[in-house]
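Shown next, in structure tokens, is the structure this report addresses.
Below, read A as the first sequence line, B as the second, and so on, with proteins coming before strands; counting in each chain starts at 1. What you see is a predicted model, and the numbers here were worked out from it, not measured in a lab. Keep in mind that the numbers below use all heavy atoms, side chains included, and drop hydrogens, waters and symmetry copies.
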2 protein chains.
Amino acid sequence: MRPQILLFGDSITEHSFRPGGWGAALADTFSRKADVLVRGYGGYNTRWALFLLHHIFSLDYIKPPAVATVFFGANDAAILGRQSEKQHVPAEEYKENLRKIVLHMKECSPTILIVLITPPPVDEEGRNEYARSLYGENARELPERTNETTGIYAKQCVELAKEMGLSFIDLWSKMQETEGWQKKFLSDGLHLTPDGNAVLHRELIRVLSKSWFSAEEMPYDFPHHSNIDGKNPEKAFQQQSS
Amino acid sequence: MRPQILLFGDSITEHSFRPGGWGAALADTFSRKADVLVRGYGGYNTRWALFLLHHIFSLDYIKPPAVATVFFGANDAAILGRQSEKQHVPAEEYKENLRKIVLHMKECSPTILIVLITPPPVDEEGRNEYARSLYGENARELPERTNETTGIYAKQCVELAKEMGLSFIDLWSKMQETEGWQKKFLSDGLHLTPDGNAVLHRELIRVLSKSWFSAEEMPYDFPHHSNIDGKNPEKAFQQQSS
């Protein structure tokens, strides 16, 4: 009965229900109004996401999600010739893969509200510190992602959103507006701290509200307990269903 | 495609996706394995929950939840003649209402795994402090819930679970095993702190695992990224679907 919000993305989506996570916060914001479903796949790029797409968004969906976030790029932007090159997808292909994802979602549900989210910025020093914490002296010297390269992917994502008239969050730019974003918003130079999660949650609420998907304006699914008469509880429920 | 875990209850369920919440932790534990849906109604007792039941669990469910938690009693146990008496439901009726909820769920899905959860203990001093923080000198003198009375409801819940052969969590007893439970597990004498949420999350994982609904033993929904060959990604997905 309730509308669904589906979160499709990589590890930053998969981890979104960890303490302080943006997915859990979203579920709380839409408590008694919409369901939040997570389809996050750590390490995935858009090329691999295409293999999942038709399983997750099926054409014979009985009730497709009302809203979907599409949040890839952090892995596509891994640099060729460095440690995570397996995940690399060229920026142009990234954009076209996103387009395929969007077109398929719209085919499943012409009314779906899609929010594209760019990858967050990269703190290269944070990535190197993280690698040293894992591998010590054997850690690679050059970060497997750079902020500049990830910025190219963020730009492609924003361009596509504008071309297709979609809502978007330019997380890469937004986060860098805040002094000290490197440690404030990123835990290992790439994934989000609770503060970073809060930025994304806030931006998402803002974008959804602008697109008329506002928790504040959606009704509770059943009467608030303060509106229930202890002696005649059925009254509140009759009003609700009439 | 994925099994669903449905959380049915009062405010302690409704708030379960707030920071540190047990619902969000459960969603994270079952990440890529099961979906967690919240049906929490703050202030509701079991009598009012019966009005919702047929809307939430419909007989023509296409795919009913695999698991449901039923977590009421904190409001039923409000004491007659005190501030929250509107919410009071006699202990015997509480037990019968729980039985109706369970029977209806089983009618919708004979294979559903139901976990009954007793109300948590009540810290009366905490309730009074909370009332004073809201109303100052005008706060009521006697707590609207007592630990002893809530314990009677917890016992009814456990009895019903044993009668019907259901899984259960005796949260009322479990929490009181820990020294200082009053402040460690309860934020206002009634609702759960992050530590209290962690107790419930841990107990739930334990009970579900014992009932063969174990996240550890459930497969990931798609290949782990480490099993994807960058040059032949389709291979990993063919294996998965065969």
Side-chain angles (χ1 to χ4, degrees), chain A residues 1-2 4 10-11 14-21 23-32 35-45 47-52 55-56 58 62-63 75 84-88 194 220-226 228-231 233-234 236-238 240-241, chain B residues 1-2 4 10-11 14-21 23-32 35-45 47-52 55-56 58 62-63 75 84-88 194 220-226 228-231 233-234 236-238 240-241:
Chain A
M1 299 181 293
R2 288 192 201 178
Q4 285 185 347
D10 55 30
S11 58
E14 184 176 337
H15 300 170
S16 67
F17 282 68
R18 294 194 177 169
L26 194 71
D28 190 50
T29 301
F30 283 93
S31 173
R32 297 181 59 175
D35 288 322
V36 177
L37 298 182
V38 206
R39 292 295 179 273
Y41 299 89
Y44 274 56
N45 55 32
R47 193 185 285 166
W48 303 345
L50 291 178
F51 289 103
L52 311 180
H55 295 279
I56 294 177
S58 161
I62 294 151
K63 189 171 172 289
N75 297 314
S84 299
E85 71 168 351
K86 182 178 105 165
Q87 292 163 297
H88 169 80
Y220 267 137
D221 59 347
F222 288 104
H224 190 269
H225 70 88
S226 62
I228 301 176
D229 178 350
K231 295 210 172 66
E234 59 282 4
F237 292 91
Q238 283 161 358
Q240 182 83 9
S241 55
Chain B
M1 297 181 294
R2 288 192 202 179
Q4 285 184 348
D10 55 30
S11 56
E14 185 176 337
H15 299 171
S16 67
F17 281 68
R18 293 192 177 171
L26 194 71
D28 191 50
T29 300
F30 283 93
S31 174
R32 296 183 59 176
D35 288 322
V36 178
L37 297 182
V38 207
R39 292 295 179 271
Y41 298 90
Y44 274 56
N45 55 33
R47 194 186 284 166
W48 303 345
L50 291 177
F51 288 103
L52 310 180
H55 294 279
I56 294 177
S58 162
I62 294 149
K63 187 169 173 290
N75 298 313
S84 298
E85 70 168 350
K86 182 178 104 165
Q87 293 164 296
H88 170 80
Y220 267 134
D221 60 347
F222 288 103
H224 189 270
H225 71 89
S226 62
I228 301 176
D229 177 350
K231 295 209 172 66
E234 59 281 5
F237 291 90
Q238 283 160 359
Q240 182 83 10
S241 55

(message) I'd like to check B/Tyr41 versus B/Trp48 (side-chain heavy atoms, cut-off strictly below 4.5 Å). Are they in contact?
(response) no

(message) Quick check: closest heavy atoms across B/Pro223 and B/Ala236, and the distance to 0.1 Å?
(response) CG-O, 3.6 Å

(message) For the interface with chain B, which of A/His224, A/His88, A/Arg2 has the highest count of heavy-atom pairs at distances below 4.5 Å?
(response) A/Arg2

(request) Return the orientation label for the A/Tyr44 and B/Phe237 ring planes: parallel under 30°, perpendicular over 60°, tilted otherwise. (result) perpendicular

(request) Specify which of A/His15, A/Arg39, A/Lys86 makes the most heavy-atom pairs with chain B at under 4.5 Å. (result) A/Arg39

(message) Under a 3.5 Å distance rule, please check whether B/Asn45 uses its side chain to pair with a backbone N or O of B/Gln87 as donor and acceptor.
(response) yes

(request) Mind listing the closest non-hydrogen atom pair of B/Asn75 and B/Asp10 along with its distance? (result) ND2-CB, 3.5 Å

(message) If we define contacts as heavy-atom pairs under 4.5 Å, which of A/Pro19, A/Pro233, A/Ala27 has the most with chain B?
(response) A/Pro233

(message) With a 4.5 angstrom heavy-atom cut-off, is it the side chain or the backbone of A/Thr29 that approaches chain B, or both, or neither?
(response) neither

(request) Go through the atoms of B/Ser11 and report whether side chain, backbone, both or neither lie under 4.5 Å from a heavy atom of chain A. (result) neither

(request) Locate the shortest heavy-atom distance separating A/Glu14 from B/Ser31; write the atom from each residue and the value. (result) CG-OG, 3.4 Å

(request) Measure A/Arg32 against the heavy atoms of chain B and call it side chain, backbone, both or neither at under 4.5 Å. (result) side chain

(message) Among A/Pro194, A/Ser226, A/Gly42, which residue has the highest count of heavy-atom pairs closer than 4.5 Å to chain B?
(response) A/Gly42

